[in-house]
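Lettering of chains follows the sequences in order, A, B, ..., and the numbering in each one begins at 1.
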Amino acid sequence: MEKQELNSFIQQRLENLKWLQEKGIPGFGEKFLRTHWAQQVQDDFNELEGKEVSLSGRLLSKREHGKAMFGDISDQSGSVQLYLRVNSIGEEKFEIFQSLDIGDLIGITGEVFKTRRGEVTINVSCFEIQAKSLRPLPEKWHGLKDVELRYRQRYLDLIVNPEVREIFMRRSRIIASIRRFLDSREFLEVETPILQPIPGGGNARPFVTHHKTLGRDLYLRIALELYLKKLIVGGFDRVYEIGRNFRNEGFSYKHSPEFTMLELYQVNTDYQDMMELTENMISSVSQEVLGSQKIDYQGEEIDLTPPWKRMTMVEVVKEFTGVDFENIDLETAREKAEEKGVRIKTGFSLGEILNEFFEQKVEDNLIQPTFIMDYPVEVSPLAKKIPDNPDFTYRFEGFIGGMEMANAFTELNDPIDQRERFEKQVAQREAGDEEAHMMDEDFIRALEYGMPPTGGLGIGIDRIIMVLTNTRNIREVILFPPMRPEEKE
RNA sequence: GGGCCAUUAGCUCAGUUGGCAGAGCACCUGACUUUUAAUCAGGGUGUCCCAGGUUCGAAUCCUGGAUGGCUCACCA
């Protein structure tokens, strides 16, 4: 038997339940007809004053005053005060309400009024017990702070920390707003496989699972990309998917092993169009959900109003490090890396060194919305090359608050070039790079049927939500972040 | 994976040089018919994360482990 089941708090609550049941009152009751939300009673007081309302929610506090009593009931919308008097509700019901524990779920009906202190209150005339709570809640004043408990028992976090509930309600509104934006532009929402024989579309170590009937291993997807492009080949001109990706990598404040991505593809667009779409989408979502395009993020004002700043990777690296990759040879690049403290691996190409310069010296500084354009071909195996500068691709990433938010390109639609890119990836993989792409013949075959010129965009939904909820850790915007299993005796 | 820090009551946290385990909220008993972190009187409810060790004596010191946080590395 679990030790907590023996502790006196739970004993006391079990006795209160028993007391009720002996009086013939069920401790776990029926559904209840709710007429209003708690917040609605607060907001619409002028209309509701003197009228009867019914609410369903959790009893969060009790203040007993002898033959009268105050309490607070909380539901999804917020909370409102309750008032009970012996000589309006009767001694028997009053005694039963006195026996309730903080945390009990109840349905109440009563008339709306204001106390002399001006607090909107419901004068309870009858109530039902919907579910007894057998465990004590965390403290009302300090809330629940222990990060481990907050994530493991997120329901407690949501009960006692209203600002946490607000983050997740906002998350829902942000995603709904993104869908509205895309739906209004004639994008089709689709669903593609999570279990994949070859995990493609990104550089990452995948999770492996096993299908018993097929007798083979499958991977959890690391990106949505390749299946969505197959749908472009299939004739859907504008598609998007919002879904979970899985990467077998460590945690950080901006990385979680499972995270939510939006990817979209639109025929007859290029990466320039994708930049416009990105800045329009994010600013419009911010306007719709927060009522502004200027937001506070960790003490910095961030202005999401289009157009966002645009720079090439070569330009921005030159600006932040003084190293000009425009006309540089490999040997000089290596020396500059050494000089500037950029860690590189032996055998890195010029493009890979440039990319390291960018990631190690520039990325964290891009606080205001910025598009960095024209990535080296070596690190962009799915993006189209720039014809008059084929060491680079039509690719950009969007940054806000020092974090990568978006990754997009003019999609590579030449199957011969794509095969060569995959072959280079496979060579890297054989040289020990676990994150390099695998050869995906099925994807090449699709391209061989012909994929129209297409722009594609990926957005890290969790990170956008971090920016729009002013949170500094990705786990604050994921309801149940991955944790090690709890140790059991 | 490396470094630093944390883990004490249901929750939030104190705990001095190694000497009886503490506070606030919550909870229990009683008073109180518009309070609001209600108030007043009384009551401490505990595997001090776990396992060893040192010591007359360990929440405190040592070793190992668990979990979490920050950070570096890894991860475009």
Side-chain angles (χ1 to χ4, degrees), chain A residues 3-4 6-13 15-16 60-72 79-89 94 101-103 113-121 123 133-153 156-157 159-161 202-205 222-223 247-257 259 313 343 345 351-352 354-360 362-363 372 375-376 378-383 395 397 399 403-404 407 433-436 458 460 472-473 475 481 483-489:
Chain A
K3 72 175 179 188
Q4 282 191 320
L6 299 169
N7 91 29
S8 61
F9 294 92
I10 291 176
Q11 282 303 325
Q12 183 61 44
R13 283 164 181 253
E15 275 166 34
N16 292 344
L60 276 196
S61 64
K62 261 175 28 177
R63 296 178 288 283
E64 294 195 53
H65 283 259
K67 296 200 163 49
M69 182 179 350
F70 292 90
D72 295 285
S79 65
V80 69
Q81 177 165 265
L82 303 179
Y83 177 59
L84 289 87
R85 284 171 75 160
V86 167
N87 58 5
S88 48
I89 198 170
F94 191 81
D101 291 299
I102 287 177
F113 75 108
K114 235 179 215 179
T115 63
R116 31 174 105 123
R117 295 290 184 90
E119 178 87 11
V120 174
T121 304
N123 187 5
S133 171
L134 298 179
R135 289 177 183 265
L137 286 179
E139 204 209 344
K140 61 183 175 186
W141 188 244
H142 294 94
L144 183 64
K145 289 201 171 138
D146 184 301
V147 176
E148 187 178 352
L149 275 185
R150 286 185 49 229
Y151 296 158
R152 283 196 201 279
Q153 293 182 268
L156 290 181
D157 197 23
I159 290 168
V160 301
N161 295 327
N203 289 13
R205 192 184 312 144
I222 57 171
R247 297 189 179 180
N248 209 337
E249 288 158 5
F251 300 83
S252 82
Y253 75 98
K254 56 184 173 182
H255 293 93
S256 172
F259 61 101
M313 186 183 277
R343 298 171 302 276
K345 289 180 187 156
E352 288 168 309
L354 169 62
N355 192 52
E356 292 301 321
F357 263 81
F358 174 70
E359 282 175 16
Q360 293 177 39
V362 179
E363 200 172 308
I372 301 302
Y375 278 56
E378 301 94 310
V379 297
S380 314
L382 300 163
R395 172 186 179 186
E397 290 187 340
F399 295 84
M403 291 187 289
E404 177 194 335
N407 180 21
D433 183 357
E434 275 184 275
E435 278 122 27
R472 70 176 197 294
N473 193 310
R475 293 164 137 195
M483 306 278 281
R484 283 177 212 241
E486 211 167 346
E487 212 184 356
K488 285 276 177 191
E489 290 173 47

What is the pairing partner of [N], taking Watson-Crick or G-U wobble pairs with both distances under 3.5 Å in any strand?
| N | answer |
| --- | --- |
| rG18(B) | none |
| rA23(B) | rU12(B) |
| rC75(B) | none |
| rC61(B) | rG53(B) |
| rU7(B) | rA66(B) |
| rU36(B) | none |

Which residue lies toward the 5' end of RNA chain B, Asn473(A) or Lys254(A), if each is placed at its nearest nucleotide?
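Its nearest nucleotide being more 5', the pick is Asn473(A).
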When we call it a touch if two heavy atoms are under 4.0 Å apart, what does [X] touch: a base, just sugar-phosphate, or nothing?
| X | value |
| --- | --- |
| Leu156(A) | nothing |
| Gln12(A) | sugar-phosphate |
| Glu356(A) | nothing |
| Asp433(A) | nothing |
| Asn203(A) | base |
| Tyr253(A) | nothing |
| Arg13(A) | nothing |
| Val86(A) | nothing |
| Glu249(A) | sugar-phosphate |

Just by distance, no angles: are the side chains of Ser61(A) and Asp72(A) close enough, under 3.5 Å, to form a donor-acceptor pair?
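Note: Ser61(A) and Asp72(A) side chains meet the donor-acceptor criterion.
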Using only heavy-atom distances, determine whether the side chains of Gln81(A) and Arg63(A) contain a donor-acceptor pair under 3.5 Å.
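There is such a pair between these side chains.
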Taking only N and O in the side chain of Asn248(A), is any of them less than 4.0 Å away from OP1 or OP2 of rC74(B)?
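Answer no for this pair, as no side-chain N or O of Asn248(A) is under 4.0 Å from OP1 or OP2.
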Side-chain N or O of Lys140(A) closer than 4.0 Å to phosphate OP1/OP2 of rA26(B):
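Indeed, a polar side-chain atom of Lys140(A) lies that close.
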Decide yes or no, distance alone: a donor-acceptor N/O pair under 3.5 angstrom between the base of [N] and the side-chain of [X].
| X | N | value |
| --- | --- | --- |
| Arg63(A) | rA37(B) | no |
| Glu139(A) | rG24(B) | yes |
| His65(A) | rC32(B) | no |
| Arg85(A) | rU33(B) | yes |

Side-chain heavy atoms of [X] within contact of [Y], under 4.5 Å:
| X | Y | value |
| --- | --- | --- |
| Arg247(A) | Pro257(A) | no |
| Leu82(A) | Met69(A) | no |
| Thr121(A) | Val80(A) | no |

Polar side-chain atom of Glu363(A) near backbone of Phe358(A) as donor-acceptor pair, under 3.5 Å:
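No; judged by distance alone, with no hydrogens or angles, the pair does not exist.
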Between rA59(B) and rA6(B) - C1' atom distance, rounded Å
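Taking atom C1' in both rA6(B) and rA59(B), they lie 14 Å apart.
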If we take the P atom in both rA66(B) and rC11(B), what is their distance in whole Å?
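rA66(B) and rC11(B) have their P atoms separated by 23 Å.
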Could you tell me how far apart Asp146(A) (CG) and rU8(B) (C1') are, to the nearest whole angstrom?
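Checked: the CG to C1' distance equals 13 Å.
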Let me know the distance between CG of Leu60(A) and C1' of rC11(B), rounded to the nearest Å.
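Leu60(A) atom CG is separated from rC11(B) atom C1' by 14 Å.
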